[in-house]
A.B. asks: 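Take a look at the following structure, please.
When a residue number appears, it is its place in the shown sequence, counting from 1.
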Amino acid sequence: MQVDWKFAPCKYRCGAVNLRDKNAVREPRKEDNRPKRRHTFLRIDSWIDSTVWNAGFRLAEWWEETTIFFRRFRMRGWKRALFEVLGETATWGTAGSVLMLALALPAFEETKGNWRAQSDFAVTFLDRYGSEIGHRGIIHEDSVPIDELPDHLIKAVLATEDRRFFDHWGIDFLGLARAMTENARAGGVVQGGSTLTQQLAKNLFLSNERTIERKIKEAFLAVWLECNLSKKEILRLYLDRAYMGGGTFGAAAAAQFYFGKAITDVNLAESAMLAGLFKAPARYAPHVNLPAARGRANEVLTNMVQGGLMTEGQVIAARLTPATVIDRAQVKAPDFFLDWAFDEVQRIAAPFAQHSLIVRTTIDMGLQHAAEDSVESSLRQYGESYNVKQGALVMVENGGAVRAMVGGRDYGESQFNRATRALRQPGSSFKVYTYAAAMEKGMTPETVVVDAPITWRGWSPQNYARKYAGRVTLMNALARSINTVPVRLAKDKLGTEIIAATAKRMGVETPIRTDKTMPLGTSEVTVLDQATAYAVFPAGGLQSRRHGISQILNYDGDILYDFGRDAPPARRVLSEQAVSSMNRILTQIPVIGTARRAALDNGIVTGGKTGTTQAYRDAWFIGFTGDYTTAVWFGNDDYTSTDEMTGGSLPAMTFKRLMDYAEQGIEHRAIPGIDNPLPDATKEPEAVADAKPDENALPPLVRPRSLSAEVTRLLKAIGATFEKASPLKAPDKSSGRVAVLDTPTDNPPNRVTTSATSN
């Protein structure tokens with residue numbers, strides 16, 4: 001048999017016999033019993049090839065048939081252009097809707113809570129001495145249904161705030177287009193496009209921050225309100241919740257405050273004046289600026305005529321006879337504090353059966369007025385030169401009672417509380433938490449560290465002056481606000497988790513980020529957080545236990561809550577050694593450090609720390625004496641930079657102005673852990689190093705004194721003696737004299753009468 005070698009099967013090519021050798025002897029071939037795996041693999045490969053080819057062939061057939069089918073729908077000419085536009089619109093509209101929904105999801109979290117609970121409370125607030133200072137909430141007995149309100153009041157509100165209220169679903173696109181057109185013509189904002197429902201959504205759930213994110217949330221919440229409430233319910237909530245100036249909320253309270261009558265009795269002129277308050281209550285409040293209020297009311301009457309709700313003949317009488325108001329002394333209510341205190345009341349009193357309450361707060365109206373004056377005078381005098389428009393302040397008496405709170409420059413202009421709700425970077429004022437954690441680890445103010453270039457996780461922080469001092473003590477590093485030292489402590493000794501835990505223990509309630517930049521104050525906090533945490537230092541390391549409510553009573557006089565009785569005792573958050581070390585450092589900053597303008601007169605020892613953020617967006621000073629801790633912040637709501645304002649400038653000067661007032665005529669307490677903590681009354685106060693008098697400075701505030709410090713101490717001693725004295729006991733009736741005690745045995749006697757009997 002002739003075999004072609006090229007195409008010979010493997011069994012011939014691989015056999016033991018060489019077929020090329022004709023003389024070779026062929027040996028018998030053994031039977032191979034192994035499974036023929038090669039053929040199995042070939043079959044599998046063939047099946048895969050055929051399956052893939054068939055699938056591709058069928059897919060191509062389907063695609064061709066589909067293409068042929070859709071060719072009949074192919075548009076040409078103007079129809080194609082129209083469908084292209086519609087397709088792109090649908091695509092981008094869907095993407096935009098998904099994006100807006102993602103932005104609005106955080107706002108919907110607010111609706112999960114009991115947002116109606118505010119209407120369940122009617123609270124009368126008193127200051128620390130028992131004087132009435134304001135109200136919050138709505139008394140249901142005085143809340144008038146929409147159907148019972150005067151028709152001209154409803155028309156005045158709708159004509160001014162939302163003429164198409166009953167025609168839209170929360171967002172009025174026609175009204176928005178009209179407002180944009182009018183604003184474009186005027187070259188500024190002369191009309192608003194927000195509906196009444198959007199304004200209610202802002203009042204219920206959001207703040208007054210002017211951001212795109214807030215407007216998106218506001219729009220979604222307005223639609224949500226329209227889906228869950230009737231038009232009458234929305235209008236009633238709006239009339240009951242809106243701020244109306246003079247510390248009043250709601251149209252019913254405003255009618256009583258300005259006109260001394262029920263809301264059902266107001267006439268057309270008074271209704272127009274009330275409707276004019278919704279836009280700017282501080283500017284048009286009639287007890288503050290009656291001519292402006294009457295001018296605004298005249299605009300409301302014009303809106304009613306233009307909107308077709310009334311004729312000119314019907315409003316002419318109201319134009320000729322404008323509303324008059326009750327002559328009230330302009331007593332400024334602490335509205336920012338009351339808003340925060342009202343939230344505290346709702347939290348504390350939620351389990352109580354009664355929600356009509358009298359609340360004694362911790363606020364001291366003398367200190368409150370001084371705090372407002374300090375912030376406002378600083379902004380008026382230096383605001384333009386520093387390019388700063390807003391400020392906030394919180395004063396806490398050592399022991400935790402909030403004595404003053406300024407949440408912004410003008411409550412009527414913006415009710416957003418910058419003291420409790422604004423999250424701002426603290427800058428170098430955050431460094432105290434890093435140093436406090438270091439002191440807890442056993443370091444001291446004399447511990448030497450290196451101020452030199454450092455890189456941590458790819459980040460290289462630099463000092464303010466781009467210079468390095470080499471070996472420095474911790475006291476010198478914090479006093480000079482060196483940046484590399486706290487970063488080096490965090491990297492080599494502490495870690496960011498320990499620093500965050502220290503800040504939390506001291507009273508910072510805002511969530512703290514633990515990234516590498518956190519030691520330099522990039523994690524946002526509130527002014528109230530800073531005041532709370534710094535108050536730990538004069539408290540000797542104990543919790544400051546900040547609070548604005550001292551007692552809650554019902555109208556029968558029963559005490560439902562008492563802070564001294566019901567609040568848990570203060571626990572230690574810093575060791576005595578750490579507090580002593582920190583106080584030694586912080587009291588040197590107003591002397592040799594960055595806060596020399598915060599040093600007080602009369603030799604009163606002051607501690608504190610400045611803070612300035614990147615691009616000069618925020619400036620802080622948080623300081624304390626043995627009596628008070630005060631946190632001061634200045635900046636802009638839109639986060640624009642100031643004109644190189646630092647914490648040692650305007651914030652420190654504002655702190656000094658307020659604290660000089662607060663420390664007058666009181667018995668001073670000592671800052672623990674330092675030498676010579678109290679001023680020597682026999683010596684004249686020494687001038688602060690390098691301090692120069694400011695010729696343009698305002699005259700200092702003078703605190704009115706009703707009693708001298710000596711008389712105050714004497715009266716306190718007498719009161720303490722009475723509290724410790726044992727109660728009187730009635731003698732045996734068989735004796736000739738009888739003592740009558742008409743007070744409980746756990747209180748000092750109010751009246752003791754004695755009588756003599758004779759035979």
Side-chain angles (χ1 to χ4, degrees), residues 398 427-440 443-449 451 463-465 469-486 489 521 530 533-541 574 576-612 620-632 646-649 651-653 655-656 659-660 663 668-680 685-692:
N398 294 338
S428 294
S429 64
F430 193 87
K431 293 176 182 177
V432 296
Y433 308 121
T434 302
Y435 282 80
M439 300 305 167
E440 287 284 279
M443 299 183 187
T444 67
E446 290 74 27
T447 300
V448 176
V449 290
D451 173 27
N463 292 329
Y464 179 77
R471 293 172 58 83
V472 295
T473 63
L474 289 182
M475 175 178 288
N476 195 16
L478 185 56
R480 296 169 57 186
S481 199
I482 296 174
N483 286 337
T484 63
V485 171
L489 291 175
Q530 292 285 75
Y534 273 68
V536 170
F537 298 123
L574 290 179
E576 293 184 3
Q577 176 271 330
V579 171
S580 176
S581 297
M582 289 301 300
N583 286 342
R584 286 170 53 197
I585 298 176
L586 294 175
T587 53
Q588 291 302 305
I589 293 178
V591 180
I592 62 173
T594 58
R596 301 182 187 186
R597 294 183 179 181
L600 303 188
D601 299 331
N602 302 323
I604 297 172
V605 180
T606 306
K609 183 69 183 76
T610 59
T612 308
W620 297 76
F621 180 73
I622 305 95
F624 57 87
T625 64
D627 307 298
Y628 300 102
T629 300
T630 299
V632 184
T646 64
S649 58
M653 291 187 290
F655 170 87
K656 171 181 168 53
M659 295 297 284
D660 276 339
E663 294 290 342
H668 304 295
R669 286 177 285 184
I671 297 176
I674 64 172
D675 297 330
N676 304 318
L678 294 175
D680 188 349
E686 297 180 1
V688 179
D690 299 334
K692 297 180 180 179

A.B. asks: Distance from L474 atom CG to T447 atom OG1, nearest 0.5 Å?
C.D. replies: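 Reported value, rounded in 0.5 Å steps: 5.0 Å.
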
A.B. asks: Between the side chain of T434 and the main-chain N/O of P486, is any donor-acceptor distance below 3.5 Å?
C.D. replies: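 The answer is no, because no donor-acceptor pair under 3.5 Å joins these two groups.
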
A.B. asks: Supply the atom-to-atom distance Q530 CD to I622 CD1, rounded to the nearest 0.5 angstrom.
C.D. replies: 4.5 Å

A.B. asks: Kindly determine whether V448 and V472 satisfy side chain to side chain contact (heavy atoms under 4.5 Å, CB included), including the steps that lead there.
C.D. replies: CA-CA 5 Å; V448 176; V472 295; over 6 Å; no

A.B. asks: Do I671 and F624 touch side chain to side chain, with heavy atoms closer than 4.5 Å?
C.D. replies: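 With C-beta onward as the side chain, the pair touches.
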
A.B. asks: Which pairs with one or both residues in residues 475-486 pass side-chain hydrogen bond (donor to acceptor under 3.5 Å, both in side chains), sequence neighbours excluded?
C.D. replies: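 side-chain hydrogen bond (donor to acceptor under 3.5 Å, both in side chains) check on residues 475-486 returns S428-S481, K431-S481, K431-N483, D451-T484, S481-K609.
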
A.B. asks: Does E440 have any side chain to side chain donor-acceptor pair (under 3.5 Å) partners at least two apart in sequence or in another chain, and if so, which?
C.D. replies: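 Scan of E440 (side chain to side chain donor-acceptor pair (under 3.5 Å), adjacent residues dropped) gives S575.
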
A.B. asks: Should the pair E663-K656 be classified as a salt bridge under the 4.0 Å nitrogen-to-oxygen rule?
C.D. replies: no

A.B. asks: List the residues meeting side chain to side chain contact (heavy atoms under 4.5 Å, CB included) with T606, not counting sequence neighbours, and say none if there are none.
C.D. replies: P590, L600, T625, F655

A.B. asks: With T594, which residues qualify under side chain to side chain donor-acceptor pair (under 3.5 Å), at least two apart?
C.D. replies: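 Expected list: T610.
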
A.B. asks: How about CD on E446, more than 12 heavy atoms from neighbouring residues, nucleotides or ligands closer than 6.0 Å, or not?
C.D. replies: yes

A.B. asks: State, to 0.1 Å, how close P538 and P672 come at their nearest heavy-atom pair, and which atoms those are.
C.D. replies: O-CD, 3.4 Å

A.B. asks: Just to verify, what does Q577 make a side chain to side chain donor-acceptor pair (under 3.5 Å) with, not counting sequence neighbours?
C.D. replies: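 Checked Q577 against side chain to side chain donor-acceptor pair (under 3.5 Å); matches are S581.
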
A.B. asks: I need the L478 CG to Q588 CD distance, nearest 0.5 Å.
C.D. replies: 11.0 Å

A.B. asks: Kindly compute the distance separating CD1 (I604) from NE2 (H668), expressed to the nearest 0.5 Å.
C.D. replies: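 Rounded to the nearest 0.5 Å, the CD1-NE2 separation comes to 4.0 Å.
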
A.B. asks: Quick one: does N398's side chain have a donor or acceptor within less than 3.5 Å of a partner on A539's backbone?
C.D. replies: no

A.B. asks: Y435: what forms a side chain to side chain donor-acceptor pair (under 3.5 Å) with it, not counting sequence neighbours?
C.D. replies: none

A.B. asks: Given side chains that start at C-beta, do those of W620 and S429 come closer than 4.5 Å, heavy atoms only?
C.D. replies: yes

A.B. asks: Donor-acceptor pair, distance only, cut-off 3.5 Å: does the side chain of N583 make one with the backbone of G673?
C.D. replies: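 Side chain of N583 to backbone of G673: no pair is present.
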
A.B. asks: Are F537 and L586 close enough that some pair of their side-chain heavy atoms sits under 4.5 Å apart?
C.D. replies: yes

A.B. asks: Looking only at non-hydrogen atoms, find the nearest pair between G647 and F621 and report the distance.
C.D. replies: O-CB, 3.8 Å

A.B. asks: Heavy-atom distance under 4.5 Å between the side chains of V579 and M439, does that happen here?
C.D. replies: no

A.B. asks: Give the minimum heavy-atom separation between Y433 and A533, together with the two atoms involved.
C.D. replies: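 Of all heavy-atom pairs spanning Y433 and A533, the closest is OH-CB, 3.2 Å.
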
A.B. asks: Sub-3.5 Å donor-acceptor pair from the side chain of T612 to the main-chain atoms of T646, do we have one?
C.D. replies: no

